[in-house]
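The structure presented is a predicted model; accordingly, all values stated were derived computationally and were not measured. All values below come from the heavy atoms of this structure, side chains included, with hydrogens, waters and symmetry mates left out. By convention in this document, chain letters (A, B, ...) are assigned in the order of the sequence lines, proteins followed by strands, and residues within each chain are numbered from 1.
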Protein chains: 2
Amino acid sequence: MFSKACKYAINAMIYISTLPQGNDRVGLKDISQAINSPEAFTAKILQILVKENLLSSIKGPNGGFEIHEDARKTQLYRIVQVIDGDQIFTGCALGLEKCSEDHPCAVHNKFKAIREHLAGMMMTTSLEDMARGIQNGTNFLKI
Amino acid sequence: MFSKACKYAINAMIYISTLPQGNDRVGLKDISQAINSPEAFTAKILQILVKENLLSSIKGPNGGFEIHEDARKTQLYRIVQVIDGDQIFTGCALGLEKCSEDHPCAVHNKFKAIREHLAGMMMTTSLEDMARGIQNGTNFLKI
DNA sequence: GATATTTAAGATAAGTTTGTCCTTTATAAA
DNA sequence: TTTATAAAGGACAAACTTATCTTAAATATC
């Protein structure tokens, strides 16, 4: 469904969103430990998120990553879009280059519903929402 | 969502299912042309489907691939399972090794619905069903 | 039985994703 | 101003997927 990079991105962003605002600066090491991901690879992914302004970073001692108030409202849809592209939301399930209502692949209609279900859910789910489940111990970021 | 191998497998199986029963033997060349796929790679995928008895093959002159009556009732679910495994139907969306009701990932519940939607659809859709859309020109296998 | 045809199987190559390592840049603190 | 720390960036390596090529095996036709 999602690439590993994308899974790391989502978990990392949710993790940072669980930290108290204003006191949420956290280093790479902590992040990759919290989500059980390879450190250097995670760094690359965070770089992309920083460039896309979904996350901010501070270099130097006591540096790290922070996620600001607005960014905590980021939808999961946006993270997938930035890391994996939106192929999963818009692409043809059977790989036809030009799959459309006028020229539908074999499963076009059946998949439309699923894609819409997925996109809708991802579009209406924010980091904030997900962070809540982690904070109260209902949901988990690793193992 | 699905690997290329899996997309080729589904399209190939649907294509063979569109041919009239009893007169449905078709060669690799025709298949890969009908679904616009690389010939040698398609051959590898068909080999797997033959081994799994979803398809039968005949070597030699006038050889090719055939799909028997029962096999036309094969569900798309089965093809995905054979080519990609059932990770997509059962695996954790965020990559947790042990994601479950008791130890759910951040999106566990929201994804459950989508996975069930997908699995249900794939489980209730057969090659036969899809072949009909191709036969009457409503749906397409390439471009 | 010899020949031609077609799938099976194995080796290998190309491309992509995942992962690591090393150097550079920024910056806080001494 | 120097030093230490942490992210950024580039190069490279490993693993996996996709794709190709060559040889082997099976079989229909002559």
Side-chain angles (χ1 to χ4, degrees), chain A residues 1-13 15-16 24-67 80 82-85 87-88 91 94-95 97, chain B residues 1-13 15-16 24-67 80 82-85 87-88 91 94-95 97:
Chain A
M1 186 85 86
F2 305 131
S3 69
K4 282 195 171 191
C6 189
K7 293 171 184 174
Y8 296 149
I10 294 174
N11 278 317
M13 290 290 278
Y15 170 62
I16 306 171
D24 60 344
R25 195 175 297 178
V26 62
L28 173 62
K29 207 161 295 184
D30 283 341
I31 296 170
S32 59
Q33 204 155 33
I35 68 169
N36 192 33
S37 67
E39 214 175 296
F41 189 49
T42 306
K44 298 293 185 194
I45 297 159
L46 296 179
Q47 269 177 47
I48 299 170
L49 297 168
V50 168
K51 263 188 204 148
E52 293 288 334
N53 294 307
L54 302 181
L55 188 63
S56 57
S57 69
I58 300 94
K59 286 184 180 176
N62 298 315
F65 296 89
E66 286 175 358
I67 194 164
V80 173
V82 162
I83 304 295
D84 280 352
Q87 193 60 14
I88 188 136
L94 296 183
E97 260 174 71
Chain B
M1 185 88 81
F2 305 131
S3 69
K4 281 194 173 193
C6 189
K7 292 172 186 175
Y8 295 151
I10 293 174
N11 277 317
M13 291 291 278
Y15 170 62
I16 306 172
D24 60 345
R25 194 175 297 177
V26 63
L28 172 62
K29 207 161 295 183
D30 284 341
I31 295 170
S32 60
Q33 204 155 34
I35 68 170
N36 191 33
S37 67
E39 216 176 293
F41 189 48
T42 305
K44 297 291 186 197
I45 298 160
L46 297 179
Q47 269 176 47
I48 299 170
L49 297 168
V50 168
K51 263 187 204 150
E52 292 287 336
N53 293 308
L54 302 181
L55 187 63
S56 58
S57 69
I58 300 95
K59 285 184 181 176
N62 298 314
F65 296 89
E66 286 175 358
I67 195 164
V80 173
V82 162
I83 303 295
D84 279 353
Q87 193 60 12
I88 188 138
L94 296 184
E97 261 175 70

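- Distance CZ (A:F41) to P (C:dG19): 5 Å, rounded to an integer number of Å.
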Check against side chain to side chain contact (heavy atoms under 4.5 Å, CB included), B:Y15 and B:N11: CA-CA 6 Å; B:Y15 170 62; B:N11 277 317; over 6 Å; no
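- Taking 4.5 Å as the limit, every side-chain heavy atom of B:I48 sits out of range of all side-chain heavy atoms of B:L54.
- When each of B:R25 and B:A40 is assigned the nucleotide of DNA chain D bearing its nearest heavy atom, the one mapping closer to the 5' terminus is B:A40.
- The interatomic distance linking A:I45 (CD1) with D:dA7 (P) rounds to 15 Å, in whole Å.
- Protein atom CD1 of A:I83 is 14 Å distant from nucleotide atom P of C:dG19, rounded to whole Å.
- Between the CG atom of B:N36 and the C1' atom of D:dT18 there is a distance of 15 Å, given to the nearest Å.
- Using a 3.5 Å distance cut-off with no hydrogens or angles, the side chains of B:S37 and B:T42 do pair a donor with an acceptor.
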Protein proximity profile, nucleotides 2-9 of chain C - base contact B, sugar-phosphate-only contact S, no contact -, cut-off 4.0 Å on heavy atoms: --BBBBBB
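- The nearest whole Å value for the distance from the NZ atom in B:K4 to the C1' atom in C:dT17 is 14 Å.
- Between A:I16 atom CD1 and A:R25 atom CZ the span is 12.5 Å, to the nearest 0.5 Å.
- In this structure, the side chains of B:L49 and B:I83 come closer than 4.5 Å at one or more pairs of heavy atoms.
- In this structure, CD1 of A:I48 is placed 16 Å from P of D:dA7, rounded to the nearest angstrom.
- Listed for the A:D84 side chain is no donor-acceptor partner under 3.5 Å among the backbone atoms of A:F2.
- Look at CD on A:E39: it is 15 Å from P on D:dT5, rounded to the nearest Å.
- Taking atom CG on A:D30 and atom P on D:dT5, their separation rounds to 15 Å, with Å as the unit.
- At the phosphate of D:dT18, neither OP1 nor OP2 sits under 4.0 Å from any side-chain N or O atom of B:Y8.
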